[in-house]
A.B. asks: 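Handing you a structure now.
Each ligand, and each atom within it, is numbered from 1 in the order the structure gives.
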Amino acid sequence: MASNKYPHLLSELDLGFTKLKNRVLMGSMHTNLEEERNGYEKLATFYAERAKGGAGIIVTGGFAPNWEGWLKPFAGRMSNRNHVKNHKIVTEAVHREGGKIALQILHAGRYAYHPLSVAPSRIQAPINPFKPRALSTWGVRRTINDFASSAALAREAGYDGIEIMGSEGYLINQFIVSHTNKRNDEYGGSYENRIKFPIEIVQKAREKVGKDFIIIYRLSMLDLLDDGSNWEEVVQLAKEIEKAGATIINTGIGWHEARIPTIATSVPRAAFAWVTQKLKPEISIPLCTSNRINMPNVAEQVLADGCADMISMARPFLADENWVKKAMEDRADEINTCIACNQACLDHTFSNKLSSCLVNPRACHETSLNYLPTSNKKKIAVVGAGPAGLTFASIAAERGHNITLFESDSSIGGQFNMAKKIPGKEEFYETLRYFDKQLKLHKVDVQLNKRVTADDLKDYDEVVISTGISPRRISIEGSNHPKVVSYIDVLKNNANIGKRVAVIGAGGIGFDVSEFLTQHGESTSLNKEEWLKEWGIDKSYKTRGAVEGVKQEIEAPEREVAMFQRSDGKMGAKLGKTTGWIHRTTLKMKKVKMFVGVEYTKIDDEGLHYLDKNNQPQVYPCDNVVVCAGQISLRELEQPLLDLNKTIHIIGGAYEAGELDAKRAIDQAARVAAEV
Ligand code: FAD
Ligand code: NAP
Ligand code: SF4
């Protein structure tokens, strides 16, 4: 029986010529499978699982309408009949599962990562080394026709519709906004001229595909750029797009070059639904909202509040292919929630690696990583309930093994219990809720407050060592001074920390600890209005791009913090490709000082003594020194178990502490659990 907890979310959407079974659109994501050998077979399995899991309509990753529009050389295209055959593999697989799928047509314009890129004008993007060539008027018309031909080919390939990518700063957006469009032909100058490009694309596409084909237009409702569109212009464009023949308008937030986070974990849930709601009275076709909606109760509330007719979610479908099914069956507590970390999805996409998901390593690996029932049931002990141990225990138990999970602490979670306390990382709590439920569902025997020795493990067929790490200590004069504490003292043991703090080490944990220590009051990630003010977003939308000239309102930091690292070069260089800048900006906003290229000399009553990068002695007076100097593996059980001739598996931080993160710990644990 379908749940009645989410009446708006799970109700049908009648588009006249066709119906969507619910209000959930799986948003477009480029996975890099598009360019892999046999990638279309893999993509077909990837999408078919999401269709089976109940998504109302799926939108593919972006495919270019011509080679100039490629995001990178030889990226996916839909520009001639040869492409149709491959796409049929995908559409047929989705239809077999009763799903619907639309092809996204994306022309990268000046964001294209190749030397033959084109744009409305010859103006280079700040995030791309390649300078585009300006399209001639003939070139503009040819590009419009290419979009329309691509739409027709999509129909031929069996798609139920297309999405025209008109936001995020790609080519269409570049035509609309004056700072990237300096043309003096009929496609430049006045706003009416600049929006001719998207309007003609929709009109021509509609002519080619006929009336009974879904056309979604992704419209940049909030550019988040100083000279972006103003609200009146957004409304004017939306009305014209409706008139031109779009079926649904989807919400786009922020250009890629905007320096405001739009989907990272620190962005509050549904932080931008208000902008779709503002457009709602102006338009009569269905509107879809987007960004940081990851759980059914949030999605339901957004729809119940009248913000939109549909919800777009992309990454939540990497984290859990059965997201909709679980909502329908009232099993929301079983959803593997997207924590918006970007670590295995966008960070991979932008590094030319295959996308996946930190909390679900099967994502995009559906044809190679499967958790099949075992025919050789074993009694396995898992020691340590951090992300690695939790992943192994849940999957191995699901496969039919008899699992006992030992944890020396009073709760499961390992280091995630510290991560979830960092302002802006509250989502990490969801991963622990998910695992807690999985352990119960698969009847794992969880023994908390139990530090085991090898002797306790004699009766097991196999043992998994997932005991994690211990923090690295520093060895300089005064490292035992009472003012010296570790990040564990701060985040787990609630150590009393003074007002002036030196942080030794500027890896992920050094950054997180600095955010924790400077946070004044409630985390703004839990308060939409405060978060919008902190990042200078004008909700009244009286300014261009909703940011032009807006003063950011930032709370005074709770403490004065300085971060130190021995190596030269940018601080936080190893943080995520798509999120490192957010952490650096946040700490700048909190006035955290950063010192690189230092050598620590001693710690005493006065503070931290060091040689600066010019080899000059300095002292940073402080009440506490927090050591975040990396970690070492904790695997003291290994030798005693080998001495007992036990079969052991070492995973996560216990296996290797260098460059460890939860992505690697969970991925490794899942692969071992799939094989055991
Ligand atoms: P751990 O999480 O260390 O778990 C090991 C567990 O074993 C612990 O619960 C411990 O109590 C238990 N244990 C140890 N010895 C025994 C024993 N003898 N008997 C029983 N139990 C035992 N990673 C990311 O990818 N992204 C992030 O954003 C991120 N943020 C972080 C923020 C903070 C503040 C911290 C501290 C870490 C963060 N990490 C992040 C790192 C991530 O949490 C770790 O990489 C991950 O937890 C490693 O998992 P693990 O299971 O190997 O080890
Ligand atoms: P880390 O990233 O390896 O950083 C350790 C820091 O300590 C470095 O800045 C290093 O800089 C310094 N250091 C190393 N040895 C030292 C020594 N002997 N004395 C003084 N300083 C020393 O490790 P971490 O910050 O502990 O994080 C652990 C793991 O968790 C990381 O791999 C990270 O990926 C993951 N994590 C990720 C995130 C995220 O947002 N993605 C957040 C938190 C944690 P110098 O050597 O230059 O001094
Ligand atoms: Fe979400 Fe992180 Fe998975 Fe990406 S890697 S889908 S952001 S949980």
A.B. asks: Between ligand 1 and E636, is the shortest N or O to N or O distance under 3.5 Å?
C.D. replies: no

A.B. asks: Hey, is L491 touching ligand 1 through its side chain, its backbone, both or neither, going by heavy atoms under 4.0 Å?
C.D. replies: side chain

A.B. asks: Write out the residue and atom name of the closest protein heavy atom to atom 36 (N) of ligand 2, then the distance separating them to 0.1 Å.
C.D. replies: G508 CA, 4.2 Å

A.B. asks: Hey, is Y655 one of the residues with a heavy atom under 4.0 angstrom from ligand 1?
C.D. replies: no

A.B. asks: Of the choices P471, S410, A388, which has the non-hydrogen atom that lies closest to atom 50 (P) of ligand 1?
C.D. replies: A388

A.B. asks: Distance to 0.1 Å, residue and atom name: give those for the protein heavy atom nearest to atom 23 (O) of ligand 2.
C.D. replies: G630 CA, 3.8 Å

A.B. asks: For atom 5 (S) of ligand 3, grab the closest protein heavy atom and report residue, atom and distance to one decimal in Å.
C.D. replies: L358 N, 3.2 Å

A.B. asks: Are there over 12 heavy-atom neighbours, none belonging to D568, within less than 6.0 Å of that residue's CG?
C.D. replies: yes

A.B. asks: Within the structure, does Y600 bring an N/O atom to less than 3.5 angstrom of an N/O atom in ligand 2?
C.D. replies: no

A.B. asks: Starting from atom 4 (O) of ligand 1, what is the nearest protein heavy atom, named by residue and atom, and what distance separates them?
C.D. replies: G386 CA, 3.3 Å

A.B. asks: Considering only the protein, which heavy-atom contact is closest to atom 47 (O) of ligand 2, and what is its distance?
C.D. replies: S567 OG, 2.5 Å

A.B. asks: Write out the residue and atom name of the closest protein heavy atom to atom 2 (Fe) of ligand 3, then the distance separating them to 0.1 Å.
C.D. replies: C341 SG, 2.4 Å

A.B. asks: Heavy-atom distances under 4.0 Å decide this one: backbone, side chain, both or neither, for I412 against ligand 1?
C.D. replies: neither

A.B. asks: Run the side chain to side chain donor-acceptor pair (under 3.5 Å) test on N294 and E430 for me, step by step, so that the C-alpha distance in whole Å, both residues' side-chain angles and the decisive distance to 0.1 Å come before the verdict.
C.D. replies: CA-CA 10 Å; N294 61 350; E430 295 289 358; over 6 Å; no

A.B. asks: Describe, in one word, how the ring planes of W535 and W581 are oriented to each other, choosing from parallel (under 30°), tilted (30 to 60°) and perpendicular (over 60°).
C.D. replies: perpendicular

A.B. asks: Tell me whether atom 34 (C) of ligand 1 lies less than 4.0 Å from at least one protein heavy-atom position.
C.D. replies: yes

A.B. asks: Among all protein heavy atoms, pick the one closest to atom 1 (P) of ligand 2 and tell me residue, atom and distance.
C.D. replies: G507 CA, 4.1 Å

A.B. asks: Which value, rounded to the nearest 0.5 Å, describes the distance between L660 atom CG and I632 atom CD1?
C.D. replies: 13.0 Å

A.B. asks: Quick check with a 6.0 Å cut-off and a 45 degree axis cone: is R500 positioned over the face of Y620's six-membered ring?
C.D. replies: yes

A.B. asks: List the closest protein heavy-atom neighbour of atom 17 (C) of ligand 1: residue, atom name, distance to the nearest 0.1 Å.
C.D. replies: V383 CG1, 3.7 Å

A.B. asks: Who's the nearest protein heavy-atom neighbour of atom 3 (O) of ligand 1, and how far?
C.D. replies: Q415 NE2, 3.0 Å

A.B. asks: Below a 4.0 angstrom heavy-atom separation, can you tell me which part of C341, side chain or backbone, both or neither, approaches ligand 1?
C.D. replies: neither

A.B. asks: Examine the proximity of ligand 1 to L358 and report which part, side chain or backbone, both or neither, has a heavy atom under 4.0 Å away.
C.D. replies: side chain

A.B. asks: Per the salt bridge (charged side-chain N to carboxylate O under 4.0 Å, His left out) rule, which among K440, K437, K326 passes with D333?
C.D. replies: K437

A.B. asks: Could you list which atoms of ligand 3 come closer than 4.0 Å to a heavy atom of A340?
C.D. replies: 1 (Fe), 7 (S)

A.B. asks: Of the listed options (A662, A665, A669), which comes nearest to atom 42 (C) of ligand 1 when hydrogens are ignored and any heavy atom counts?
C.D. replies: A662

A.B. asks: Protein heavy atoms near atom 3 (O) of ligand 2, is at least one of them under 4.0 angstrom away?
C.D. replies: no

A.B. asks: Measure from atom 3 (Fe) of ligand 3 to each N, O or S atom of C338 and report whether any distance is below 2.8 Å.
C.D. replies: no

A.B. asks: With the threshold set strictly below 4.0 angstrom, can you tell me whether any protein non-hydrogen atom sits that near atom 10 (C) of ligand 2?
C.D. replies: no

A.B. asks: What pair of heavy atoms forms the shortest contact from T262 to F272, and how long is it?
C.D. replies: O-CE1, 3.6 Å

A.B. asks: Go through Q639 and D643 one step at a time and tell me if the side chain to side chain donor-acceptor pair (under 3.5 Å) criterion holds.
C.D. replies: CA-CA 6 Å; Q639 197 51 50; D643 293 344; 3.0 Å; yes

A.B. asks: Is it the case that the side chains of H30 and Q104 hold a donor-acceptor pair, with the cut-off being a distance below 3.5 Å and no angle test?
C.D. replies: no

A.B. asks: Could you say whether the N/O atoms of M418 and ligand 1 ever approach to under 3.5 Å?
C.D. replies: no

A.B. asks: Under 4.0 Å from a heavy atom of A344: give me the atoms of ligand 3 that qualify, with their elements.
C.D. replies: 5 (S)

A.B. asks: Taking non-hydrogen atoms only, is K450 closer than 4.0 angstrom to ligand 1 via side chain, backbone, both or neither?
C.D. replies: backbone

A.B. asks: Would you say ligand 1 has an N or O under 3.5 Å from any N or O of Y487?
C.D. replies: no

A.B. asks: Quick one: does ligand 1 sit under 4.0 Å from the side chain of D512, the backbone, both or neither, non-hydrogen atoms only?
C.D. replies: side chain

A.B. asks: Establish, from distance only, whether the side-chain atoms of T578 and N342 form a donor-acceptor pair under 3.5 Å.
C.D. replies: yes

A.B. asks: Hey, does D512 come in under 3.5 Å of ligand 2, counting only N/O atoms on both sides?
C.D. replies: no

A.B. asks: Geometry only, no angles: is L660 polar-contacting ligand 2 at N/O separations under 3.5 Å?
C.D. replies: yes

A.B. asks: When you measure from atom 48 (O) of ligand 2 to every protein heavy atom, which one gives the shortest distance, and what is it?
C.D. replies: R566 N, 2.9 Å

A.B. asks: Suppose we measure from atom 3 (Fe) of ligand 3 to each protein heavy atom; which comes out shortest, and what is that distance?
C.D. replies: C357 SG, 2.4 Å

A.B. asks: What protein heavy atom is closest to atom 6 (C) of ligand 2, reported as residue, atom name and distance in Å?
C.D. replies: C628 O, 3.5 Å

A.B. asks: For atom 4 (Fe) of ligand 3, what is the nearest protein heavy atom, given as residue, atom name and distance?
C.D. replies: C345 SG, 2.3 Å

A.B. asks: Suppose we measure from atom 40 (O) of ligand 2 to each protein heavy atom; which comes out shortest, and what is that distance?
C.D. replies: K425 NZ, 3.6 Å

A.B. asks: Measure the distance from atom 8 (S) of ligand 3 to every protein heavy atom, then report the residue, atom name and distance (to 0.1 Å) of the closest one.
C.D. replies: I339 N, 3.4 Å

A.B. asks: Under 3.5 Å, N or O to N or O, is I474 touching ligand 2 that way?
C.D. replies: no

A.B. asks: List the closest protein heavy-atom neighbour of atom 7 (O) of ligand 2: residue, atom name, distance to the nearest 0.1 Å.
C.D. replies: A629 CA, 3.2 Å

A.B. asks: Answer yes or no: does an N/O atom from D661 fall short of 3.5 Å to an N/O atom of ligand 2?
C.D. replies: no

A.B. asks: Please state which option from P387, A419, G507, S470 has its nearest heavy atom closest to atom 49 (O) of ligand 1.
C.D. replies: P387

A.B. asks: Between G505 and ligand 2, does any nitrogen or oxygen pair lie at a separation below 3.5 Å?
C.D. replies: no

A.B. asks: Decide whether the shortest distance between a heavy atom of G508 and an atom of ligand 1 is less than 4.0 Å.
C.D. replies: no

A.B. asks: Decide whether the shortest distance between a heavy atom of K425 and an atom of ligand 1 is less than 4.0 Å.
C.D. replies: yes

A.B. asks: Given S408, G510, G468, which has its nearest heavy atom closest to atom 13 (N) of ligand 1?
C.D. replies: S408

A.B. asks: Return a yes/no value for I504: is any of its N or O atoms, backbone included, closer than 3.5 angstrom to an N or O of ligand 2?
C.D. replies: no

